[in-house]
Enquirer: 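Dumping the structure here so I can ask a few things about it.
This structure is a prediction, so every number in the text was calculated from the model and none was measured. Reminder, nothing fancy here: chain letters follow the sequence lines and each chain counts from 1.
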Amino acid sequence: MLDKTYGPKAIEKKHYDAWEQGSLFSCDKASDANPYTIVIPPPNVTGSLHMGHALNNTLQDILIRYKRKKGFDALWQPGTDHAGIATQMVVERQMEAENLTRYDLGRDKFIERVWKWKSESGGSITSQLRRLGASCDWSRERFTMDEGLSAAVRRVFVKLYNQGLIYRDKRLVNWDPKLKTAISDLEVEQREIIGEMWYFKYPVEGDSSIYVTVGTTRPETMLGDTAVAVHPNDSRYKHLVGKNLVLPIVDRVIPIVADEYADPEKGTGAVKITPAHDFNDFEVGRRNNLKLINVLNQDAHMNDNVPEHLRGLDRYECRVLVIREMESLGLLDKIEENPMTIPYGDRSGVVIEPWLMDQWFVDAQRLAGPAITAVEQGKTVFIPNQWENTYYEWMRNIQPWCISRQIWWGHQIPAWFGPDGEIFVAETEEAAIAAAFETYGKHVVLGRDPDVLDTWFSSALWPFSTLGWPENTTELDRYYKTDVLVTGFDIIFFWVARMMMMGIHFMDGEVPFHTVYIHALVRDEKGQKMSKSKGNVIDPIELIEKYGADALRFTLTALAAQGRDVRLSEKRVEGYRNFCTKLWNASRFCELNGCLPSNDFNPSGVDNALNRWIIGKTVEAEQAVSGAIDAFRFNEAANTVYKFTWGIFCDWYLELAKPVLQGEQDSLKSETQATAGWVLDQILHLLHPIMPFITEELWKQIACNRACSLITADWPNLKNELIDPQANAELDWVIRLITQVRAIRNEMNIPAKVEIPLMLKDANDLARNCIVPYTLQIKRLARIKSIELLEGNVPKGSLQDVLDEATIILPVADVIDIGTEEKRLEREILKMQAEVERFNKKLSNEKFISNAPEFVVQLEREKLNEAKIACSRLGQAKERLLQAR
RNA sequence: AGUCGCGUGGUGUAGUUGGUUAUCACGUCUGCUUUACACGCAGAAGAGCGCGAGUUCGAAUCUCGCCGUGACUACCA
């Protein structure tokens, strides 16, 4: 016997453990079934579950559970990535407490310590995903630093290097002076601030009475200026091109060059060029053969390339001194307020410096070509489609991808340097040594590049490295390409783009997934992005504790409409927790009334119209839910099953079935019991992908002799033939009758307890045929004493209303106030007259009749007719009322 | 600056190819201990879909402009 309320805590862990231990999440590579594969976008090993994860993984789980129940060999490939910088920071912070730095330990010991941290406290997100109910195949869990995945990284690096797609170059990179490593463009966060623009005057060489004024937001970089550029057609400066300026403070002579980069509209039209500290200036420098002077060292203090009195200063201290010195030299022209965006490192939170360094780069532009074509040709489809634009936009403007990082935790670059700087790239040290031997003809000592690869380099391989590549595994053969990648739009560039490039390149042109489903961001109820600094983050685990995982999952699903953000409020979660309780109690009612699923129940063999009706409604619900999930319309799936369960099954079917269920034991009763049990079973199937825990629990409880679990039980496959139009018409009429009587009673303040007679006048065949079979139901649900067809006069003081052709008559002479009733009828008549007018107007429009499709015109005619009948019946009702006065 | 979204009852929203009485939930109001459920039941009020124009027999839905709002990308001398 079920408890009165649903308690998620007691059962969630139980079922999850049973599923996992029973290997019910596992794929079966030997199966005959078609595979259906999703690779999880690997969360950081340092991460913990936030709402974005909760949504992302709920949607993946819905797809996987649905497909699994549909008979596919479902594989949800889980794992985590090693999050190079983040993980290293976590461990270094831990060591800070012991007053240790990684340099104290040395590289090997430090790496050992990171692994220790990982085994003790890493990957807690995977247990949080279990709390959420994610049915990943944990037996296949992978980590980007696993041996197999590391081998994949080495193979890819070597291949790309040999193909000329990875190269070493001295370029400007985004340098994080706190973490002392390069980071990628995507790890740079642009923050808007109101800053200042300083205008400096640079005297012309040989005539210090003439100046060229340039603006800068980073005065300290002027120490590295090697030119000033003006537009070739700028008449203000034309005569100065070719002349030189004397760089103040430094006293370096620098040329004035003509370059189209200088925009006469901006600032003074003259722009200082610092090729070693600005991405645009770097290009100008290349074009004009300018010197590159690096003025910063790796922690953003001034280096020895600046005048002695400024050396060693922090960049911002130096800035102040430069401004002061320029001012005292009389060379500070003016200062303006300047709104601008400043690059910050998303991990370190400090201002990023463009810095000139030797780094490894991937020629992303060449890899992007096929990845763009694949989407253009529809080999990979984005849902919603508009995100393809974002993808194209980025892919078509892609920059060289800097993949080396000056940290220790990660895949060390498989490149060795000979004594003369010659590079040997190989998968193993032995191979590098062998190659060196060949080059030099003797044994030499090689030094390995100390840098590691960007974490995303290994994540990009995830769709095939997790399946065993570079080995030729059956899994790779069977599950690649995968079916769908589910992710938020904020990381289209991180995941989608890079996985596409690498997948196509290394898997013989085959894309990593045929569909990319992009879901929204989870925001708070006011539409604000959740962030720790705003303090508006909602912890999914807390919600699970409070309302259960199913309620949280259902909420996220119901709110996950395509192309719109998810605004989450706790109220909604509470509401869906109530839905869990509703389902629980409906099941409890079924159990109490012997409505148990039976194996030999055949829905097409059912006689009773009520039962045939609910079976038909179940078919409709199943088809709608399946269609919605197939189309990634998750909110639609959730709402459909919600309305069916609560609004139809509970509110109408069970209520209408009560008289039968509480009556004598007969064949109708047993048919009804079996039908109710069957419908409940179908509901559990339909809800299971969204709410796995409560449905599994109920599935087990209402039929404890069942061998299989709901998670792997077959998804319903219901045929259209089960929909019975006659039963639909009857029940539709009965429901409308009851609803209408209830509304009149309520409006006329007839106490709920009072049972009144009901008469029908001018009833059509449908109504006449329904009265008898549904007498018990109508009496019970509308609180009616007796029902009869009225042939003669309407009793004095009756309430009247119209249902189709029939007039509903409720004789309640002693209770009714004629004035109130008259007003009520007036209102209804007015409403109906307005309807009639509307339809009349439409139908008397020649153009409408001739242009609109026939069925639309026909429909309008029918509506007009119905409204007319209602109008006249209501008019008669009013007349009778007034006569009775 | 460019690109892409969004603007529907008090709040949050649905609305697939133009024809619906504009959906649902929360909230509000009224009445109910109806033997599954007050995390419940029954009823009600409340919007004509940001503004303007256009296309059309017909527009919340298509087109254009405007206003507001958000995200992303780029730039910032």
Side-chain angles (χ1 to χ4, degrees), chain A residues 2 4-6 190 195 197-200 213-217 228-229 261-263 265-273 278 280-281 338-342 384 386-387 389-390 392-394 397 489-490 492-493 521 523 525-527 529 547 551 558-559 561 563-565 567-569 571-572 574-593 627 631 633 635-636 639 642-643 647 650-651 654-655 658 662 738-739 742-747 749-753 780-783 831 835 838 842 845-853 855-857 859-860 863:
Chain A
L2 293 170
K4 201 169 162 184
T5 51
Y6 165 59
Q190 303 289 340
M197 174 84 75
W198 289 271
Y199 288 88
F200 291 160
T213 303
V214 294
T216 181
T217 56
V228 166
Y261 166 67
D263 180 349
E265 307 291 314
K266 281 189 196 167
T268 61
V271 53
K272 68 193 257 320
I273 301 296
D278 182 284
N280 290 309
D281 292 5
N338 184 46
M340 56 189 191
T341 51
I342 301 276
Q386 78 231 25
W387 292 110
N389 290 327
T390 308
Y392 288 139
E393 179 68 18
W394 192 71
N397 297 306
F489 61 76
D490 46 336
I492 289 178
F493 310 132
L521 233 55
R523 298 168 179 283
E525 57 208 311
K526 295 186 201 101
K529 204 166 168 173
Y547 301 105
L559 295 175
R564 200 183 257 276
D565 288 339
R567 295 193 184 194
L568 186 75
S569 85
K571 271 275 178 211
R572 296 296 293 260
E574 193 186 324
Y576 291 117
R577 185 272 321 265
N578 295 352
F579 176 60
C580 291
T581 306
K582 186 72 182 178
L583 175 69
W584 185 260
N585 276 294
S587 307
R588 189 162 173 262
F589 175 83
C590 287
E591 191 184 34
L592 241 37
N593 286 279
R633 308 178 71 88
N635 61 317
E636 215 169 280
N639 288 328
Y642 181 96
K643 278 191 241 173
C650 293
D651 286 350
L654 290 183
E655 293 302 328
K658 273 179 182 174
Q662 287 166 11
I738 293 168
T739 305
R742 281 168 169 175
I744 300 168
R745 293 182 56 123
N746 235 294
E747 207 169 339
N749 291 318
I750 297 172
K753 276 191 178 152
R780 180 188 177 108
L781 298 183
R783 312 235 121 215
K831 219 156 84 184
E835 297 261 286
R838 233 185 55 225
K842 212 167 188 181
N845 183 342
E846 278 303 321
K847 286 178 181 166
F848 173 70
I849 303 288
S850 48
N851 287 315
F855 82 95
V856 173
V857 179
L859 215 71
E860 293 296 312
K863 284 196 258 182

Enquirer: So Ser850(A), base contact, sugar-phosphate only, or nothing? Heavy-atom distance under 4.0 Å.
Expert: nothing
Enquirer: Got Lys582(A) and Tyr642(A) here, is their nearest side-chain heavy-atom distance under 4.5 Å?
Expert: no
Enquirer: Based on Watson-Crick and G-U pairs with both distances under 3.5 Å, what dot-bracket line describes RNA chain B 5' to 3', crossing pairs as [ ] and inter-strand pairs as |?
Expert: (((((((..(((......[....))).(((((.......))))).....(((((..]....))))))))))))....
Enquirer: Both Arg742(A) and Tyr6(A) contact RNA chain B. Taking the nearest nucleotide for each, which residue is further toward the 5' end?
Expert: Tyr6(A)
Enquirer: Does G12(B) fall in syn (glycosidic angle within 90° of 0) or anti?
Expert: anti
Enquirer: Could you work out the separation of G19(B) and A60(B) based on their P atoms and round it to a whole Å?
Expert: 10 Å
Enquirer: What is the distance, rounded to the nearest whole Å, between atom CG of Leu654(A) and atom P of C37(B)?
Expert: 13 Å
Enquirer: Would you indicate, yes or no, if G15(B) has its OP1 or OP2 atom less than 4.0 angstrom from a side-chain nitrogen or oxygen of Arg633(A)?
Expert: yes
Enquirer: Let me spell it out: for each of Val271(A) and Phe589(A), pick the nucleotide of RNA chain B with the closest heavy atom. Which residue's pick is nearer the 5' end?
Expert: Phe589(A)
Enquirer: Mind checking Ala262(A) for me? I need base, sugar-phosphate or nothing, with any heavy atom below 4.0 Å counting as a touch.
Expert: base
Enquirer: In whole angstroms, how far is the P atom of C41(B) from the CD1 atom of Ile738(A)?
Expert: 16 Å
Enquirer: Do side-chain atoms of Arg742(A) reach the backbone of Leu781(A) as a donor and acceptor pair under 3.5 angstrom?
Expert: yes
Enquirer: Identify the heavy atoms of Thr213(A) and Ala270(A) that sit nearest to each other, and give their distance.
Expert: O-CB, 3.9 Å
Enquirer: Flag the pair Lys842(A) / Lys863(A) as yes when at least one side-chain heavy-atom distance between them is below 4.5 Å, and no otherwise.
Expert: no
Enquirer: With heavy atoms under 4.0 Å as the rule, sort Ser587(A) into base, sugar-phosphate or nothing.
Expert: nothing
Enquirer: Is the shortest side-chain N/O distance from Thr581(A) to OP1 or OP2 of G40(B) below 4.0 Å?
Expert: no
Enquirer: Write down the protein N/O and nucleotide N/O pairs, taken from nucleotides 2-6 of chain B, whose separation is under 3.5 Å; answer none if there are no such pairs.
Expert:
from: C6(B); atom 1: O3'; to: Arg564(A); atom 2: NH2; distance (Å): 3.2

Enquirer: So, Tyr576(A) versus Tyr547(A), ring centres under 6.0 angstrom or not?
Expert: no
Enquirer: From CG of Leu521(A) over to P of A71(B), roughly how many Å is that when rounded to an integer?
Expert: 10 Å
Enquirer: What's the gap between G18(B) and U63(B) when it is taken at their P atoms, as a whole Å value?
Expert: 11 Å
Enquirer: Would you measure the distance from the C1' atom in G70(B) across to the matching atom in U28(B) and give it in whole Å?
Expert: 31 Å
Enquirer: Starting at CD1 of Ile750(A), measure out to CD1 of Ile744(A) and round the result to the nearest 0.5 Å.
Expert: 8.5 Å
Enquirer: Look at Lys658(A) and A36(B) and indicate whether a side-chain polar atom (N or O) is within less than 4.0 Å of OP1 or OP2.
Expert: yes
Enquirer: Sticking with atom P, work out how far C57(B) lies from G43(B), rounded to a whole angstrom.
Expert: 42 Å
Enquirer: Could you pull out the closest heavy-atom pair between Ala586(A) and Cys650(A), with the gap in Å?
Expert: CB-SG, 3.6 Å
Enquirer: Give the rounded distance in Å between these two atoms: CD of Gln190(A) and P of A1(B).
Expert: 18 Å
Enquirer: If you round to the nearest 0.5 Å, how far is CG of Asn593(A) from CD of Gln662(A)?
Expert: 6.0 Å
Enquirer: Looking across every strand, which nucleic acid part, if any, lies under 4.0 Å from Cys580(A) by heavy atom: base, sugar-phosphate, or nothing?
Expert: nothing
Enquirer: Atom CD of Glu655(A) and atom C1' of A42(B): how far apart are they, to the nearest Å?
Expert: 11 Å
Enquirer: Can you tell me, in whole Å, how much space there is between the C1' of C41(B) and that of A22(B)?
Expert: 27 Å
Enquirer: Which heavy atom in Asp281(A) sits nearest to a heavy atom in Lys272(A), and how many Å separate them?
Expert: OD2-O, 3.4 Å
Enquirer: Between Ala551(A) and Cys580(A), what is the shortest heavy-atom contact and its length?
Expert: N-SG, 4.3 Å
Enquirer: Report yes if at least one side-chain N or O of Lys582(A) is closer than 4.0 Å to OP1 or OP2 of C41(B); otherwise report no.
Expert: yes
Enquirer: Grab the two heavy atoms, one from Val214(A) and one from Thr268(A), that are nearest each other, plus how far apart they are.
Expert: CA-OG1, 4.1 Å
Enquirer: Name the nucleic acid region contacted by Asp651(A), choosing base, sugar-phosphate or nothing; use a 4.0 angstrom heavy-atom cut-off, strictly under.
Expert: sugar-phosphate
Enquirer: So, does Arg745(A) use its side chain to make a donor-acceptor pair with the main chain of Arg783(A) at under 3.5 Å?
Expert: yes
Enquirer: Just checking Tyr392(A): base, sugar-phosphate only, or nothing, at a heavy-atom cut-off of under 4.0 Å?
Expert: nothing
Enquirer: With heavy atoms under 4.0 Å as the rule, sort Asn639(A) into base, sugar-phosphate or nothing.
Expert: nothing
Enquirer: For nucleotides 19-22 of chain B, list the nitrogen or oxygen atoms of the protein found under 3.5 Å from its nitrogen or oxygen atoms, one pair per line.
Expert:
from: U21(B); atom 1: OP2; to: Lys863(A); atom 2: NZ; distance (Å): 3.0

Enquirer: Which nucleotide sits closest to the side chain of Arg572(A): A36(B), C57(B), G12(B)?
Expert: G12(B)
Enquirer: Starting at NZ of Lys643(A) and ending at C1' of G15(B), how long is that distance when rounded to a whole Å?
Expert: 10 Å
Enquirer: Rounded off to whole Å, could you give me the NZ-to-C1' distance for the Lys571(A) and C24(B) pair?
Expert: 17 Å
Enquirer: Looking only at heavy atoms, what is the nearest atom pair of Cys590(A) and Leu654(A), with distance?
Expert: SG-CD2, 4.4 Å
Enquirer: Expressed in whole Å, how much space separates the C1' atoms belonging to C49(B) and G15(B)?
Expert: 11 Å
Enquirer: Classify the ring geometry between Trp584(A) and Tyr6(A) as parallel (under 30°), tilted (30 to 60°) or perpendicular (over 60°).
Expert: tilted
Enquirer: Any Lys/Arg nitrogen of Arg588(A) or Glu591(A) sitting under 4.0 Å from an Asp/Glu carboxylate oxygen of the other?
Expert: no
Enquirer: Using the C1' atoms only, state how far A38(B) lies from U34(B), rounded to an integer number of Å.
Expert: 13 Å
Enquirer: Mind checking the C1' distance from G68(B) to G50(B)? Whole angstroms is fine.
Expert: 8 Å
Enquirer: Tell me what Asn397(A) touches on the nucleic acid: a base, only sugar-phosphate, or nothing, going by heavy atoms under 4.0 Å.
Expert: nothing
Enquirer: C39(B) C1' sits how many Å from Asn578(A) CG, rounded?
Expert: 3 Å
